[in-house]
Structures are given as C-alpha cells and as structure tokens.
Amino acid sequence: MTQQAAALQTYNNELVKCIEDLCSKRDELNCLIKQEEEEKERLQHDIRILSEKLSRVNESLTQRLAARATFDRTIAETEASYTKILESSQSLLSVLKQEGGSLSKATEPRRKEH
C-alpha cells in the first residue's frame, strides 16, 4: 500500500503541477487579452478622432472648392468682358481715326486753282 500511496502522491503532485501550469498560462493569456483590449480601445479612440478630423477637412475642402469655382467663373467672366471692352475700344479708336481724317480734310484751306 505504501507503493500505491507513493504513486498516488506522485500523480497528485503532477496533477497539481499541471493545474498550476494551466493557471499560469491562463494568467499570461489574460494579461495579453487585457493589453490587446486596451490597444483596441486606444485605436478605436484614435479612429473616432481621425474620423471627426477627416469630416471637418472634407467640409472645409468642399467649401474651398466651391469658392475656387466661384473665383474661376468670376475671372473667366471678367476676362471675357475685358476682352470685349478692348475690342470695343479698338473699334472706337479706328472709327475716331477715320472720322478725324475726314474732319481734317474738311477743315483744310482750299487751294486756289489757277
């Protein structure tokens, strides 16, 4: 019976050691799980912050793009109007030169014919 008791004690010791090893591994795993959960929370927080920032940047970008389109349209219209003004000025100058030439001829003294 002593031999059986010794064997039983050996099995009991091994069983306790195995249980302690499993508990130790579970504790290590719990520690890793806790670390990953904390990292997950940090990442989710960062994602929320970045999403809000992205939303604000998108809103600002949309407003700036609209403003740029307005500037582009205004510049194009102004340049077209300015071109028309230049063409009108050129036409007016041409007409004035012709009229001025005609008026000069009309105001010249007449030559006497012999």
Would you check if Ile33 and Leu29 make a side-chain contact, meaning some heavy-atom pair closer than 4.5 Å?
yes
Donor-acceptor contact present, side-chain Ser94 to main-chain Gln90, <3.5 Å:
no
With distance as the sole test, does Ser55 use its side chain to make a donor-acceptor pair with the main-chain N or O of Ser51 at under 3.5 Å?
no
I'd like to check Glu36 versus Lys40 (side-chain heavy atoms, cut-off strictly below 4.5 Å). Are they in contact?
no
Is there a donor-acceptor pair closer than 3.5 Å between any side-chain N or O of Ser24 and the backbone N or O of Glu20?
no
Gap separating the CD atom of Gln44 from the CD atom of Glu37, nearest 0.5 angstrom
10.5 Å
Got Asn13 and Lys17 here, is their nearest side-chain heavy-atom distance under 4.5 Å?
no
Rounded to the nearest 0.5 Å, what separation is found between the CG atom of Leu92 and the CD1 atom of Ile85?
12.5 Å
Is the closest side-chain donor-acceptor distance between Ser60 and Arg56 under 3.5 Å?
no
Any Lys/Arg nitrogen of Asp46 or Arg42 sitting under 4.0 Å from an Asp/Glu carboxylate oxygen of the other?
no
Hey, could you give me the CD/OG1 distance between Glu79 and Thr74, rounded to the nearest 0.5 Å?
11.0 Å
Heavy atoms, side chains only, cut-off 4.5 Å: are Ser91 and Glu87 in contact?
no
Rounded to the nearest 0.5 Å, what separation is found between the CZ atom of Arg64 and the CZ atom of Phe71?
11.0 Å
I want to check something: taking the side chain as every heavy atom from C-beta on, are Gln35 and Leu32 in contact at a cut-off of under 4.5 Å?
yes
Between atom CG of Leu15 and atom CG of Leu8, what is the distance when rounded to the nearest 0.5 Å?
10.0 Å
Find the distance between OG (Ser89) and OH (Tyr82) and round it off to the nearest 0.5 Å.
8.5 Å
State, with a plain yes or no, whether a side-chain heavy atom of Arg26 is found less than 4.5 Å away from one of Asn30.
yes
